[in-house]
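Input: a single structure, listed below in C-alpha cells.
Keep in mind that what you see is a predicted model, and the values were worked out from it rather than measured. So that the names make sense, note that chain A is the first sequence line, chain B the second, and so on, each numbered from 1.
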Protein chains: 2
Amino acid sequence: MTTVDQKKLEMSDAVLADKLREVGLRPTRQRMALADILLSQGKRHITAESLYSEATSQGVNVSLATIYNALHTFTAKGLLREISIDSNRSYFDTNTEEHHHFYFEKSGKLEDIEPDHVKLARVPDAPDGMSISRVDVVIRVDG
Amino acid sequence: MTTVDQKKLEMSDAVLADKLREVGLRPTRQRMALADILLSQGKRHITAESLYSEATSQGVNVSLATIYNALHTFTAKGLLREISIDSNRSYFDTNTEEHHHFYFEKSGKLEDIEPDHVKLARVPDAPDGMSISRVDVVIRVDG
DNA sequence: AAGCAGTCTAGAATTATTCTAATCTTATGG
DNA sequence: CCATAAGATTAGAATAATTCTAGACTGCTT
Ligand SMILES: [Mn+2]
Ligand SMILES: [Mn+2]
Ligand SMILES: [Zn+2]
Ligand SMILES: [Zn+2]
C-alpha cells in the first residue's frame, strides 16, 4: 500500500516484462498476468485448468485458449517445462532447472526431489547425430 | 502349415489363455486376439489407436471400448506398462521388466534403452510409510 | 499517428477416452 | 450337459482435454 510497495510491484512488472521480451514474447496484458502467477512465485506444478481457475479467481479474465497458448509458448521458450504423468494428467513446472519428481499415485500430486537425492550414474549416448535434450526421472509412489 | 506348426499355434493359444487366467482374466475371443498381438511377439510400444488398427487389419473385430478395457486391465494386472510422453501421446509397453526409454521428439517414437546403459546411482527414499512403485526414466532426444 | 505482426477470444471442432445399458460369453457346479 | 451368474463386449452417447478458426485487438517500430 505504501509508495515503497507500489514501487516494488512496478519493478516486479518491469522484471516480468523483460523476462518475456528476453525470450521474444510481447508482454501483453494476459501474458503479464499469467507470467505473474507462473513466474513470480515459488516453484509450482500447474495444470491448464488450475492456472485458468487461479487467473479467473484473481479477476484476470483470460480465455482457455490463451491459457493453452501461454503454457505452450512459455514451454517452447524455456520458461516452463511440461511433465506428463498419464494420458489424463499433464503438469507444467515453473522450475526449469534440471530436477526430478515424485509422483503420488493416490493424490495425483507431483513433488520435486532434492537434486542431490537422485543421481544418474550412467546415461547412454544419444544415437547417431542426435543429442539428448532432457532426462526425466519420475519416481512413482503408491501412497 | 504342417501339423507341427498347427500344434505350435495351439500351444501358443493355450499358453496365452493360461497367461490370462493366471492374472484372473477370462480368455475371451477378443482378449485372446489382443493378447496374441500384445504378448506373443517381441517387445513393443503400442498406442490404443495402433492396437485398434492392427487388430482391425488382421480381421479381428473389436470395439475401441474393448481396446481401452484390455489395455487398462492388462496394465492393472501387470501384463503391460503405461508410459506417458505428453498430454497427447501415451504408449503401452509390452516389456514389463524394469527398463528405460529414449523418446525421439521428431518421430514421436519410443525405444528401449539397453538395461546396462542407464544406471541410477542414487534413488531417494519414499516419504512416510509410502513405497516406490516404479521409477521411470525417459531420455528425450531431439532427432 | 499508422501499420503490421503478433495476440486474444468465443465458439466450433477435433481427439482421446470413458460411460451406459443392452446383449453375449465364459466358468461353475449340479 | 445345462442353468446360472459373473464377467465381457459393443454401439453409440457423453465427457474431457485440447486445438482450430477467423475476426477483433494491441504492442512495437517507424
Ligand atoms: Mn482425455
Ligand atoms: Mn487430447
Ligand atoms: Zn518440479
Ligand atoms: Zn519399453
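We find that CG of B/L20 is positioned 13 Å from C1' of D/dA8, with the value rounded to whole Å. Protein atom CD1 of A/I85 is 16 Å distant from nucleotide atom P of C/dT17, rounded to whole Å. One atom, OH of A/Y91, and another, P of D/dA17, lie 12 Å apart when rounded to the nearest Å. Atom-to-atom, CG of B/L71 to P of C/dT17 comes out at 9 Å; the value is rounded to the nearest Å. Atom-to-atom, CD1 of A/I67 to P of C/dT9 comes out at 9 Å; the value is rounded to the nearest Å. The distance from atom CZ of A/R26 to atom C1' of C/dG3 is 11 Å, rounded to the nearest whole Å. Across the protein-nucleic acid pair, A/D18 atom CG and D/dC28 atom C1' stand 15 Å apart, rounded to whole Å. Nucleotide C/dT17 holds its C1' atom 14 Å from the OH atom of B/Y52, rounded to whole Å.
Comparing C/dT17, D/dA8, D/dT26 by their closest approach to the side chain of B/A48 singles out C/dT17. Listed candidates were D/dA11, D/dT18, D/dC28. Nearest to the side chain of B/A65 is D/dA11.
Note: B/H45 and B/H99 have parallel aromatic rings, judged against thresholds of 30 and 60 degrees for the angle between ring planes. Between B/Y68 and B/H72, the ring-plane angle classifies as tilted under the 30° and 60° cut-offs.
One finds a side-chain N or O of B/R29 lying less than 4.0 angstrom from the OP1 or OP2 phosphate oxygen of C/dT25. Dashed line: the shortest gap from a side-chain N or O of A/H72 to OP1 or OP2 of D/dT18 is not under 4.0 Å. For the pair A/T28 and C/dC8, the criterion of a side-chain N or O lying under 4.0 Å from OP1 or OP2 is met. OP1 and OP2 of C/dT26 both lie 4.0 Å or more from every side-chain N or O belonging to B/R21. The phosphate of D/dC25 (OP1 or OP2) has no side-chain N or O of A/Q30 nearer than 4.0 angstrom. A sub-4.0 Å separation between OP1 or OP2 of D/dT18 and a side-chain N or O of A/Y68 is present.
Using a 4.5 Å heavy-atom cutoff, the side chains of B/H101 and B/E111 are not in contact.
Not a single donor-acceptor contact under 3.5 angstrom links the side-chain atoms of B/R31 to the base of D/dA8.
Of the residues near DNA chain C, A/G24 and B/L64, the one whose nearest nucleotide (by heavy atom distance) lies more toward the 5' end is A/G24.
For the residue pair B/S63/B/T66, the side-chain donor-acceptor check at 3.5 Å is satisfied.
At the heavy-atom level, A/D86 lies nowhere under 4.0 Å from the strands shown.
Under a hydrophobic clustering in which Ile, Leu, Val, Met, Phe, Trp and Tyr are joined whenever their side-chain heavy atoms come within less than 4.5 Å, directly or via other members, B/V137 and B/L110 fall into different clusters.
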